Amino acid sequence: MRMYDIIQKKRDGHELSNDEIKYVVDGYTKGEIPDYQMSAFLMAIYFMKMSSRETTYFTMAMVSSGDILNLSCIDGVKVDKHSSGGVGDKTTLIIAPLVAACGLPVAKMSGRGLGHTGGTIDKVESFPGFNVKLDIDKFIENVNKHKIALVSQTANITPADKKIYALRDVTATIDNISLIASSIMSKKIAAGADAIVLDVKVGSGAFMKSFDDAICLANEMVQIGTSLGRNTIAILSDMDQPLGVAVGNTLEVIEAINTLKGEGPKDLEDLCIELASHMIFAANMTTTVADARNLIVQKLKKGEGLLKLKELVTAQGGDASYVDNPEKFEIAKIKKEVILDNIGYVYKMDTEAIGKAAMILGAGRETKDGIIDLSVGLMVHKKTGDLIMQDEVVVTIYGNDDEKIKQAEDIIKQAYTTGNVEKYKEKLIKAIVTKAEVLRY
Ligand code: URA
């Protein structure tokens, strides 16, 4: 087999065989195929696309490029949740303790933030002492004992995806639905999930800006999961505005704690209840999604999710007193209130720009080795459909550097589009995609 012939075959729009796909993924991971040939191959996929069979096989090849976690010594169905990335998305910090409080084992491997989107591992490090690097035995022991553990992805999970993702990032081949779907699903499958609940974000702050693209991505991922024997469901949720109010690591942790106390923003609480219910249902713990929803709401009302969060933080060496006393968290010193020149209803938000403003303050990284400042971020008080009155604050910036705060303020002002006529509120849940159907809301 020759890489040249495979590139040419894909360039000319033909379907590749399973052996050819394996040859490319293995060869590139081992360093036998150079970056320039892999770049050409990825660009050929970008233009000519992959069939469902090719995408599934590409996923399998990436899964088998590294370790596959064996979670069989954890009792119960292991249901993983994944978000395709957004601004202010702190759902894992709320959902994981809630479902664990219902008895569902949560063996969660999460990532760090990149670009305008945040990552759970950075957020959870706001708790002093929290260890995100448990070895696999301790990880499994903690899940068996506490029903929950949260660690960063280990080096050996899907090394092919790591290498290919890095190349896609510099060759303008990130935004291909088959490549995104296989990248996400390979990590979930290698991390030992029996069932997968996907939160596919759609809107100005998401990878998928249009509803139709988000449906295609959701369908592709559900198809991959199903054909690899994993019960998979995707929920399309709004990312035309930040989720909740807080954007930035420690601010988001505080908002997650408030939500587990029943005092969080409504959109955040509603999305967490929806995703958590589907996880419980996917694990066959209830006979209907409605029963699962009742169970989750009860756990939330009784504060059992909050207790589980404290148990998680303590079990991983963190200081759980911060859960009871969130004022102990360090928040950036300089506070700046943003007021728009225009008043009226918020028509539209450039949510990616809001994420970028937080990144400029230091809340996110531009490159994967960038250093972040957990204490900085934004509180977004006005979102789509809200009325802004004269001199009302739309966003509060928390920063540690005047120059960066000024840059963030300018970006935030540009991110809002206002008008005089009342604007309808965006629907939070836009569709649910299963192997059988697409339910649009
Ligand atoms: N997230 C991933 O893990 N992979 C992609 O390709 C895009 C988003």
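Keep in mind it's a predicted model, so treat the numbers as computed, not measured. Sequence positions, counted from 1, serve as the residue numbers for this chain. When a ligand or atom number is given, it counts from 1 through the structure's own listing order.
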*Asks:* Is the shortest distance from a Lys or Arg side-chain nitrogen in Glu20 or Lys10 to a carboxylate oxygen in the other one below 4.0 Å?
*Replies:* no

*Asks:* Compile the protein residues with any heavy atom at a distance under 4.0 Å from an atom of ligand 1; present them by chain, then by number.
*Replies:* Tyr165, Arg168, Ile180, Ser183, Ile184, Lys187, Phe207

*Asks:* Would you mind checking if Asp267 and Lys383 are paired as a salt bridge, meaning a charged N to carboxylate O distance below 4.0 Å?
*Replies:* yes

*Asks:* Please name all residues satisfying ring pair (Phe, Tyr, Trp, His ring centres under 6.0 Å) with Tyr28, sequence neighbours left out, ordered by chain then number.
*Replies:* none

*Asks:* Ring centres of Tyr416 and Tyr347 under 6.0 Å apart?
*Replies:* no

*Asks:* Using a strict 4.0 Å threshold on nitrogen-to-oxygen distance, state whether Glu311 and Lys308 make a salt bridge.
*Replies:* yes

*Asks:* Any Lys/Arg nitrogen of Lys108 or Asp80 sitting under 4.0 Å from an Asp/Glu carboxylate oxygen of the other?
*Replies:* yes

